[in-house]
Amino acid sequence: MPEFEYTGFPSHVVFGVGTTERRQLARVIDGLGAERILLVAAEPEQALADTIADALSGRIVARFSHVRAHVPIEIAREAREAADTAGADCLLSVGGGSTTGTAKAIALETGTPIVAVPTTYAGSEVTPVWGLTENGRKTTGVDLKVLPKLVIYDPQLTISLPPQLSVVSGLNALAHCAEAFWTAKRNPITSLIAEEGIRALAAGLPGILADPGDLEARSRALYGAWLAGTSFASAGSDIHHKICHVLGGAYDLPHAETHAVVLPYATAVAAPRVEGADGRIAAALGAGDESAAEAIYAFERELGAPVSLREIGLPESELEHASELVADALGALPEPLSRAASDALLQAAFDGASPLVSVA
Ligand code: NAD
């Protein structure tokens with residue numbers, strides 16, 4: 001076997017339908033000794049948060065609802081002030097990645113423990129990664145202070161996530177799993193976690209589309225999202241995230257949709273370069289003879305996800321500039337991609353064409 005290093009991140013995870021109901025929730029929160037909780041939940045998730053607040057009656061001392069995508073620094077400052085004014089000894093975040101990110105922004109400064117109750121498939125709740133946006137630029141970093149101490153996954157809370165949003169959020173999780181197979185920090189453990197994550201997402205997402213209230217499908221998708229976040233936390237990210245980051249940043253493309261569109265093309269480039277990766281990703285998706293890129297592309301089409309950069313808002317006139325940005329980002333790889341390869345990849349992703357584009 002090859003030599004490898006693996007870092008696992010400590011968090012207590014409670015998973016299951018009904019785990020945010022009164023008795024269960026109070027029991028696990030008791031274990032933390034939290035008495036003055038700041039509830040962080042975005043405006044649209046207030047109704048979900050209310051049921052949890054009821055279960056913790058008396059211990060929620062304040063709420064922060066001014067959540068914004070990618071955590072603008074002004075919002076982070078507001079949230080820190082709210083935690084300070086409330087004298088919070090615990091942050092309870094109920095929501096998607098933007099909400100978890102807001103709680104992380106507070107914890108980064110104060111070290112206050114976070115209890116995360118995710119309601120999407122972003123996976124941020126099991127990573128020590130924080131992100132803040134200042135003057136339109138997103139900075140990310142790693143700090144154990146922001147890793148939630150307790151994560152409560154209750155699939156019931158994801159029932160209200162609309163099917164199409166569930167699909168793109170789930171594909172964002174799939175991207176974390178696939179990428180874990182080819183990052184520099186990959187190892188047998190992260191591959192194992194990612195593989196099971198892909199299997200769970202492949203089983204869950206079509207079920208949600210067929211019936212958004214299907215709790216078994218919701219449970220599988222949420223379990224897959226947890227594994228996706230866990231593999232991302234340990235294996236890190238690579239070319240797929242780099243491409244999404246430069247395109248999303250330069251053209252303000254929607255986060256999860258960009259991941260969905262780029263994934264088959266990044267996979268076509270990266271998966272065949274790591275022994276065993278392509279076959280394992282494809283098999284976990286239940287594919288026959290197809291490559292991992294083809295299997296992901298087919299899965300996304302089956303789910304009705306966006307498959308072209310054109311349809312998510314990249315103007316055709318920007319293709320050349322976009323390719324320059326991508327070529328720059330990929331030029332630092334151990335086997336750098338040429339500008340011609342970046343052109344081919346971008347054009348195919350723009351058109352939503354077959355991912356088996358030649359990028360040699
Ligand atoms: P999000 O938190 O912005 O939520 C997307 C939308 O879904 C919002 O409109 C929200 O109101 C709505 N929503 C959330 N839960 C719902 C529910 N149960 N029912 C109905 N609507 C609901 O987006 P996201 O995709 O969850 O997270 C994306 C963010 O997370 C990005 O900023 C990304 O960078 C970050 N992220 C961070 C990490 C990390 O490790 N730090 C990992 C993954 C993602």
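Just so you know, ligand 1 is whichever comes first in the structure, and atom 1 is the first atom listed for that ligand.
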Enumerate, atom names and distances included, each donor-acceptor pair closer than 3.5 Å involving a side-chain atom of residues 156-165, sequence neighbours excluded.
{"residue": "Gln156", "atom": "NE2", "partner": "Glu21", "partner atom": "OE2", "Å": "3.4"}
{"residue": "Thr158", "atom": "OG1", "partner": "Pro155", "partner atom": "O", "Å": "2.6"}

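A donor and an acceptor atom, one from each side chain of Thr99 and Ser93, are nowhere located under 3.5 Å apart. Side-chain contact annotation: His321 with Tyr251, donor-acceptor N/O pair under 3.5 Å present.
Listed here is the closest heavy atom pair of Ala82 and Phe64: CB-CD1, 3.9 Å.
Legend: residues meeting side chain to side chain contact (heavy atoms under 4.5 Å, CB included) with Val13, ordered by chain and number and at least two apart, are Ser11, Val151, Tyr153, Trp226.
Around ligand 1, the residues contributing at least one heavy atom under 4.0 Å from the ligand are Pro44, Glu45, Leu48, His70, Gly96, Gly97, Ser98, Lys104, Thr119, Thr120, Ala122, Ser124, Thr127, Val129, Lys138, Leu157, Ser160, Leu161, Leu165, His176, Phe232, His255.
In this structure, Leu147 belongs to a hydrophobic cluster whose other members, linked by side-chain heavy atoms under 4.5 Å apart, are Phe9, Leu144.
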